[in-house]
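Values below: every heavy atom of this structure, side chains too, minus hydrogens, waters and symmetry copies. Please read all numbers here as calculations on a predicted model, not as lab measurements. Naming convention: chains lettered A, B, ... in sequence-line order (proteins, then strands); numbering from 1 in each chain.
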Amino acid sequence: MTEPTPGTAAEDGAAAGPAGTARTLREVTRGHGGRLALAALAAASAELAGLGLTATAAWLIATAAEQRLIGALGLAIVGVRAFALARGVLRYLERLTGHDVALRALADLRGRVYDALVPRGVRRWRRDDLLNRMSTDVDAVQDLLLRSWLPVAVAGAAGAAAVAVTAFLHPPAALLLAAGLLLAGAVLPPLAAARSAAAAASVARVRAELAVHTGDVLEGAAELAVYGAHDRFAARVAGAGDRLAAAQRRAAGAEALAGAGQILVQGATVLAVALAGIAAVDVIGGVAVVVLGLTALAVFEPLRPLPAALVQLRASRAALRRVVAVLGSAPGEAAAAPGDGGTADPAAVDLRLDDVTVRLDPSRPPALRGVRLDVPAGRRVAVVGPSGAGKSTLIAAVLGEVAPESGTVLLAGRPPAGRPDAELRRLVSGVTQDPHVFQVSLAENLRLARPGATAEQLREAARAAGLLADIDAMPEGFETLPGQDGAQLSGGQRQRLALARALLADPPVLVLDEPTEGLDDELADAVLGDVLAATADRTTLLVTHRLTGLEAVDEIVVLEDGRITQRGGHAELAARPGYFRERLTAEQLARAPLAAAGAD
Amino acid sequence: MTTAEGAARRTPPARGRLLGLLPGGRGHVLAFAAGSTVTAVLIVAQADLLAALLAGGFAGAAPAWPLIAALAAVVCVRAALWFGLEALARRAADAVKARLRTELLDRAQRGGPGWLAGRRRGELVTLATRGLDALDPYVTGYLPALVPAVVVPVAILIRLTAADWGSALIILLTLPLIPVFGALVGAHTRDATLRQWRSLERLGGHFADVVAGLPTLRVFGRARAQAEVVRRIADAHRGATMRTLRIAFLSALVLELVASVSVALVAVPVGLRLLDGQLTLHVALLVLILAPEAYLPLRALGTRFHASAEGLAVAERAFGVIDDETRVAAAPGAAGPPPGARAGGAPAVRLEGVTVRYPGRDRPALAEVSLEIRPGERVALVGPSGAGKSTLLALVLGFARADSGRVLLGGADAAAFTDADWARWRAGLGWIGQRPHLFAGTLAENIALAEPSAPSDAVEAAARAARVDAFAAELPEGYATRLGERGAGLSAGQRQRVALARAVLRDPPLLLLDEPTAHLDGRSEAAVLAATSALLTGRTAVLVTHRPALLAHADRVVTLRDGRIAAARATGSADD
């Protein structure tokens, strides 16, 4: 029923030995050993109380059947009742201590993983898709402890106790019991987990296939309708669904087979132990025979969850290995300087790129080639160009996230790459690609750009970004919660919030990477207008795909295929043939179609 | 998903409908009930045989071989049944998921692209694939536990009544305590949990939120400062969850106590009556073995119910999508005259005072628009974004409905079109949108979307006409190169040319173009424009475009603004 997440099988390679698992477990629960032991103790005690209840009751009944009135009978009656109560209470404690340690380990791991993520570069996060994956991966620590580790510990403790009791009564029976327990607990479950993992690889593959076909039907719905191909593609989804079901059945089948095997082993073991006891009844006595048989029957119950626990273990382990990899590779970096995020002297910070070539991937052509750009203090430069031309790479170079292969980027006279984070952020910040809206109030979303900002400063930044009227219209104003990733905000409001945040940060050099991304034309022009109005006389590097309103900037640079192909003022570029004029004409046509079409 | 989160959800009404999706209807349920009943009988038989074996051994008798053989046989059948019931449950889950997936996609198809545009497709894809897997714990865990929860206690009570009615009475009286206490404690704790639910969700989601926003935090130099907050909130989450769990687990505590104390209640009197010689050891052992077995299925049911809460939430979401009846595109079975889609040789489109409203918008997307497109005529639609151009195309495609007014397609009223009518009408259309979708499959399959059996020379001819041949030659396997999500990536301009080739291959009388070059830059645009111009010759066409090169082909330019026709003007085609 549980199955490894996709990608698990691939990463579940040769290193997946018990030693590796133990190391992963130690690493993700570091500092919680004591509580982990306590949880295991509570869990094992609960199981032992259950076993004690069975064994004592068996002894009580068998002794009573001998119709000898002995004092120990009264003790046994007390024991039966005590074990019964203890089992219930210990179960409760087991659940509490288990969840407590799992949640503590989770909380701690979240902090540690966050610390390890911070020093990594933005590109590293994107490439590894770390940010989307890490929070689910970290959650796996709960499953590892509650659904894998504790059941294994409990089964081990119960098995050992039952073998010890049996050995005390009749050593040969203990050997039989131990053999049965090992088969049902230590052989069948790992076999099932291994078979299920093999099937999980095809589950992951077929699931990806299913997602592709489902995406085809939903995202290509219009094409399929027009070209009458829906039924054909829906059948592909159904086919992939059936293949997925078959693969999942194979994975689950291994677990079911192990479960059936456990029933057989339990039956055979109980029978063997009972027969061994009966054969020696003259030596050990009838009471012992009964206790042996019923103890053997009861001790297999805690073994039942083991196949599922080991399948779960593989899934959690793969996720936690990725977590441990992030923890282990965190580069040591000096702690943040105090005042981090504050503003520096805004005087005369300029930005200069001299013959900059940037290569993001050694196997591919450079993303920027020989780019020269000069943004003197107080001036605004706009970068335009088709998508994929290298505009975002240019921003990344200015923010110090990528170092140029050749040429120099100078921010206030020094290269940004490699400078301490805190210092760099006092010089340059702004709106980056896909700005995140946090699930805290709008005020707190803004304040992360400047922690000490007053209410008046927040209003001022919101006003400059064209967001104040919207916020004032919300019932809770600046205390409004924007929902998960800003779901309660419109696209324009999100972009304006990002802009307000950048204005509030008030860095000496402001970079704005597509502040109108994802907005439709009219709204984009309105937001860009607010951007231009709010950044007058600020040192600004603006990347945009909308050209309307760019008359206001000091220089426009056209970037195509990593090179600057045109530069100049708005009027100058509009007069020359090339990318800028083509796009401008298209934009004007969309705005006033008839007039422009007539003039053409 | 933590246990606490799973336990805290409301109970949705989706349960009954899920049962209706089980495969084979009654047959499957009957097979399951029969298997579970036999299992219950075997549990009793196994206890009986084991009690006999041990009682015999206690008395010093040598074990009888038939007894041993019977015990072994019971164990084997139980194991086999267990495996079979698991497989049956698994198949049920597969069938339920397949049914739901099909219904989701059918719903999407009936709704059409207009319906789909209103929701996040990514979420729908996730729901139809990984999301449905959350149903497994419900269908393979909870549902199969329902039957044993009834038949096992009943079988045990019947056997014990015959053997020792006193013990049976104790079990009979204590068994109902499990569901009763479960419901009482559950109802009490659920309110407490629900009150905490929102704050738990928020605290639990904080880490994901902050991690997803790391790039933003970093650009403002706040990434490190948040580390302390991450720890504080994670700790608060733990504290709040534990407070909830301490109460939630109380119900489990009560159930455990009822079950284990009942065993003690049964065992002690049995022992005392043995002492008096009122009872045989065989019966005493039978009672001792069967008593805990009676409570087991009910306790398992409770556990599995909690584990399946997430699956019910998913089912509720899926049913919500399936039931969403907003803007159903086709009216299946609606009476009306068959559309003469090709009447008069070429299709014509006529709009008579058409108004289209989208839910949740104040302003209509189209307001009282009347327009006629005669066979052979090429009409360009221009106007600012949001003026209604795409909505007008959607009417012709059948992706949108007129709220008032009439849409005549090929002379027939579109309001009366059945699914089959739409299929016939669309068979005469070629459509090129702003962002064509490439399907998983080869380049040739993508071109031959409308006619999968088209001969390869026809496909290649269409490719040449759409200027696809230029880049097809550079692909690793030419027309056999796989495209789509797992295949080679094509540039935006190349995708548009594939879309053109699809239309060329169909050779439709009516061509609909929706800004085919809107997202292209200068160079790729030129190739698309040239290919499109060639395709327009000799066809009826509706062009949404602002490109002079395409406007030149139009006989008329119609300007839309705010959903109304602002101006219409014959161009007298620039070329003549």
Side-chain angles (χ1 to χ4, degrees), chain A residues 1 57 60-61 64-65 77 80-81 84 87-88 91-92 95 103 107 110-111 114 118 122 131 135 210-212 214-216 218-222 226-227 230 241 245 256 260 263-264 267 278 286 289-290 293 336 340-341 386 425 429 432 435-436 439 448-449 520-521 582 589-590 593-594 600, chain B residues 54 57-58 75 79 82-83 86 90 94 98 101 105 109 113 116 121 125 128-129 136 207-209 211-213 215-216 219-224 230-231 234-235 238 245 249 253 256-257 260-261 264 267-268 271 274-275 281 284 382 385 426 431 437 439-440 449-450 485 521-522 546 548 559:
Chain A
M1 286 127 269
L60 168 69
I61 283 177
I77 291 171
V80 165
R81 288 172 180 157
R87 189 174 73 157
R91 268 279 150 75
Y92 182 67
R95 289 200 170 94
L103 285 164
R110 283 179 170 175
Y114 186 82
V118 169
V122 170
L131 304 188
S135 65
L210 176 66
V212 169
T214 310
D216 269 354
L218 293 176
E219 275 149 36
V226 171
Y227 292 109
H230 172 84
I263 293 180
L264 284 178
I278 291 169
V289 169
V290 171
D340 143 298
R425 297 310 157 220
S429 65
T432 48
H436 188 74
Q439 293 185 64
L448 77 89
D520 71 30
D521 297 353
E582 278 177 36
L589 275 165
L594 248 164
D600 201 85
Chain B
L54 291 177
F58 177 83
V75 168
W82 197 82
F83 184 75
E86 288 277 305
R90 187 75 232 168
D94 294 342
R101 193 177 292 124
L105 293 189
Q109 194 240 345
L116 275 170
R121 294 177 194 207
V125 174
T129 53
D136 280 355
F207 180 66
D209 185 38
V211 166
T216 301
V219 82
F220 292 112
R222 297 294 299 163
R224 279 186 181 283
V230 165
R231 288 204 154 77
D235 230 42
R238 177 187 60 80
L245 288 182
F249 287 156
L253 170 65
E256 288 284 346
L257 281 177
S260 56
V261 169
V268 172
L274 268 173
L275 211 51
L281 179 61
V382 297
S385 72
R426 286 171 182 156
W431 174 67
H437 184 79
F439 296 89
L449 188 62
E485 196 159 325
D521 55 61
H546 295 119
T559 306

Pick from B/Val219, B/Leu105, B/Leu281, B/Thr129: which one has the most heavy-atom pairs with chain A under 4.5 Å?
-> B/Val219
Verify, without hydrogens or angle tests, whether A/Tyr227 (side chain) and B/Arg426 (backbone) share a donor-acceptor contact under 3.5 angstrom.
-> no
May I ask you to name which of A/Gly293, A/Gly111, A/Gly267 has the most heavy-atom pairs under 4.5 Å with chain B?
-> A/Gly111
Would you say A/Arg81 has more than 12 foreign heavy atoms packed within less than 6.0 Å of its CZ?
-> no
Roughly how far apart are B/Glu256 CD and A/Arg95 CZ, rounded to 0.5 Å?
-> 5.5 Å
Which of A/Ile263, A/Val226, A/Thr214, A/Ile278 touches chain B most, by non-hydrogen pairs under 4.5 Å | A/Val226
Over all heavy atoms of both residues, which pair between B/Ala284 and A/Ile61 is shortest? Give the atoms and the distance, please.
-> CB-CG2, 3.7 Å
Say whether, by atom type as modelled, one donor and one acceptor occur between the side chain of A/His436 and the main chain of B/Asp209 under 3.5 angstrom.
-> yes
Nearest heavy atoms of B/Leu54 and A/Val290, plus distance in Å | CD1-O, 4.3 Å
Taking all heavy atoms of B/Trp82 and all of A/Ala256, pick out the closest pair and write down the distance.
-> CZ3-O, 3.2 Å
Taking only residues two or more places apart in sequence or in another chain, which ones pass salt bridge (charged side-chain N to carboxylate O under 4.0 Å, His left out) with B/Asp235?
-> B/Arg238
Highest number of heavy-atom pairs under 4.5 Å with chain A: which of B/Gly213, B/Ala128, B/Ala98?
-> B/Gly213
Engaged part of A/Arg110 at the chain B interface, taking heavy atoms whose separation is under 4.5 Å | both
For B/Leu257 against A/Gly88, the heavy-atom pair lying closest together = CD2-CA, 3.9 Å
One option among B/Phe83, B/Phe207, B/Trp431 has the most heavy-atom pairs under 4.5 Å with chain A, and it is B/Phe207
With sequence neighbours left out, the residues meeting side-chain contact (heavy atoms from CB on, under 4.5 Å) with A/Leu264 are B/Val75, B/Cys76, B/Ala79
Please name the pair of heavy atoms, one in B/Ala223 and one in A/Val118, separated by the smallest distance, quoted to 0.1 Å.
-> CB-CG1, 3.8 Å
Closest non-hydrogen atom pair, A/Gly220 against B/Phe439 | O-CZ, 3.7 Å
